[in-house]
Amino acid sequence: MSFPSVNEQMDLIRRGTVEILPEEELVKKIERSIKKNIPLVIKQGFDPTAPDIHLGHTVGIRKLRHFQELGHRVVVIIGDYTAMVGDPSEKNSTRPKLAHETVMEHAQTYRRQFMKILDEEKTEVRYNGEWFSKMSFAEIMNLASKFTVARMLERDDFSKRYAGRQPISIHEFFYPLMQAYDSVVIRADVELGATEQKFNLVIGRNIQKEFGQEPQIVLTLPVLEGLDGKQRMSKSLGNYIGIDEAPADMYGKTLSIPDELILRYFELVTDVSGKELAQIARQLQHPETNPRDLKRYLARTIVRMYHGEQESIRAEEAFDRIFIKKDIPDEMPEVHISSDEVRIDDLILLTKTADSKGQARRLVKGGGVSIDGRKISDPFYMVRIKDGRVLKVGKRRFVKLKR
RNA sequence: GGGGAGGUUGCGGAGCGGUCAAACGCAACAGACUGUAAAUCUGUCGGCUGAAUGCCUUCGGAGGUUCGAAUCCUCCCCUCCCCA
């Protein structure tokens, strides 16, 4: 096969990246790859600590996709072992160690979700337990001897925690070393990661040298802000859009991002061309533009990427119906109730639209509950159960009742 | 090994014998408003009971003192700091 020219490759590679360290070295690697007709090995690691991939992850995955389009070989490392250590990056406290079983379950889901974006044919998935589970203590000590405590403590979160008298376990020091060793094993030419990963990525270079290899190129990508517009998108903060989520949720969540993030989302998580991106930027500057319209377009675009054109249109229609016309969705879960009458608080509990009866009653008293569009404010109101009646709890929990 | 400070409800953090299901902030949830699931304002925020000066579970763990313990004592586990 033949590769695109160096310039073409660099153009695509540079799109949306924060840093390429060092860029000249990457150019050299690409030149050599073209000359010898050998693809580069592009690596990114993922810790399956939570089962869902969200848009934040896709920033990197989409970059991997770019490399695939350029003909390179992508190796995704699923950190089944590193996940058990827990990456301390951007955390001010020790992460819980996860059971290997849980991690492996998550890993399966990850793999499936990756392939929504990557070309399965050109993707190699490796679990780092493959080598770490076989390492002897002597080998581990050898790896550990190649780095110093002082250099470890240069890392921002370690130094902060150290200064803030927060615990740092020794095993956490192994995280960057393990990640680096992954690069050694697969002989990575390039490793991608979010900017906060820079430290770990750079250690990869050092450790590869220690093992007599040519160091990898470090390519950093921006960290995507979550729905709140401030903190990074992450599962644990609950401000994320998962790529497996239902169209309606994806659509609604996208609309809830702050307006300032519209362009950034277009740039980092969609396929719109550079040209269109520039046009969107101009429109956003224009006083006549209602940012809402662009945000709706963004929401449709995102839903379309993961669910197709049809679903994206339906999601928008459903959203308008529920939130603008205050109507009910056309599809909602049905719950069978086997008696004629049920008190509203019990009904809420039966339909699992609240977690406890106390909460159910509070919701009723607060005016958050309605039956067939009629607000119920008495927590002891008896509801006659008839096929097709609609219970609404809060803004977006709807249940259709069935006898 | 020695000395000191700590572990409180999702998080941060008060409380230090009854008035404590435990201040306050954040997050979350609901209501009003809105192009929006944003912002803002208001309310709620352990569970159960038709609701109250009621019952149950919760302040690292296990025992104990007391009419009564998040608060006092004993042992254990965990963390941070200083010294070695």
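Lettering follows sequence order; numbering is per chain, from 1. None of the values given here were measured: they were computed from a predicted structure.
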* Excluding sequence neighbours, so at least two apart, what forms ring pair (Phe, Tyr, Trp, His ring centres under 6.0 Å) with Phe211(A)? -> Tyr181(A)

* Residue matched to A5(B) through Watson-Crick or wobble contacts both under 3.5 angstrom -> U79(B)

* **Interatomic distance at C1', A37(B) relative to G31(B), whole Å** => 15 Å

* Asked: Parallel, tilted or perpendicular for Tyr110(A) and Phe46(A), by the 30°/60° rule?
  -> perpendicular

Might you list the N or O atoms of the protein lying below 3.5 Å from N or O atoms in nucleotides 36-40 of chain B, with each pair's distance?
from	atom 1	to	atom 2	distance (Å)
U36(B)	O2	Leu255(A)	O	2.4
U36(B)	O2	Lys295(A)	NZ	3.3
A37(B)	O2'	Ser256(A)	OG	3.1
A37(B)	N7	Gly252(A)	O	3.3
A37(B)	N6	Ala248(A)	O	3.4
A37(B)	N1	Arg396(A)	NH1	3.0
A37(B)	N3	Arg396(A)	NE	3.4
A37(B)	N3	Arg396(A)	NH1	3.0
A37(B)	N3	Arg396(A)	NH2	3.2

* To do: Assign the ring pair Phe323(A) / Phe319(A) to parallel, tilted or perpendicular, where the plane angle (0 to 90°) is split at 30° and 60°.
  => tilted

* Just checking Arg292(A): base, sugar-phosphate only, or nothing, at a heavy-atom cut-off of under 4.0 Å? -> base

* Rounded off to whole Å, could you give me the CD-to-C1' distance for the Gln166(A) and G13(B) pair? => 13 Å

* Asked: If you measure from the P atom in A30(B) to the same atom in G47(B), how many Å do you get, rounded?
  -> 16 Å

Taking only N/O atoms, report every protein-nucleotides 48-55 of chain B pair under 3.5 Å with atom names and distance.
from	atom 1	to	atom 2	distance (Å)
C48(B)	OP1	Lys357(A)	N	2.7
C48(B)	OP2	Lys357(A)	N	3.4
C48(B)	OP2	Gly358(A)	N	2.9
U49(B)	OP1	Lys357(A)	NZ	2.9
G50(B)	OP2	Arg361(A)	NH2	3.2
A51(B)	N7	Arg361(A)	NH1	3.3
A51(B)	N6	Arg361(A)	NE	3.3
A51(B)	N6	Arg361(A)	NH1	2.2

* Ignoring hydrogens and angles, state whether a donor on the side chain of Glu245(A) or His54(A) is under 3.5 Å from an acceptor on the partner side chain. => no

* How would you list, by chain and number, every residue that makes a ring pair (Phe, Tyr, Trp, His ring centres under 6.0 Å) with Tyr297(A), sequence neighbours excluded? -> Phe266(A)

* To do: Give every residue pair that meets the salt bridge (charged side-chain N to carboxylate O under 4.0 Å, His left out) criterion with at least one member in residues 340-358 of chain A, sequence neighbours excluded.
  => Asp340(A)-Arg403(A), Arg343(A)-Asp345(A), Asp345(A)-Arg361(A), Asp346(A)-Lys357(A)

* **Value in whole Å for how far the P atom of A30(B) lies from CZ of Phe398(A)** => 11 Å

* Given atom NZ of Lys392(A) and atom P of A30(B), what is their separation to the nearest angstrom? -> 10 Å

* Structure fact -> Pairing partner of C24(B), by Watson-Crick or G-U wobble and under 3.5 Å for both distances, is G12(B)

* Could I get the full list of salt bridge (charged side-chain N to carboxylate O under 4.0 Å, His left out) partners for Lys122(A), not counting sequence neighbours? => Asp119(A)

* Verdict with supporting geometry, Arg232(A) and Asn239(A), side chain to side chain donor-acceptor pair (under 3.5 Å) -> CA-CA 8 Å; Arg232(A) 60 186 319 235; Asn239(A) 61 354; over 6 Å; no

* Do Gln216(A) and Ser183(A) have side-chain atoms, one donor and one acceptor, less than 3.5 Å apart? -> yes

* To do: Scan every strand shown for a Watson-Crick or G-U wobble partner of A30(B), both distances under 3.5 Å, and answer none if you come up empty.
  => U42(B)

* **Test item: side-chain donor near acceptor, Gln179(A) and Thr82(A), under 3.5 Å** => no

* **Complementary nucleotide of G18(B), counting Watson-Crick and G-U pairs under 3.5 Å** => C67(B)

* Structure fact -> Whole-Å distance, Gln231(A) CD to G10(B) P, equals 19 Å

* In whole Å, what separates the P atom of A69(B) from that of U79(B)? -> 30 Å

* How far, in whole Å, is U58(B) from A22(B) if one measures between their C1' atoms? -> 10 Å

* If the P atom of G13(B) is compared with that of G7(B), how far apart are they to the nearest Å? -> 9 Å

* Under a 3.5 Å limit for both distances, which nucleotide forms a Watson-Crick or G-U wobble pair with U49(B), could you say? => A52(B)

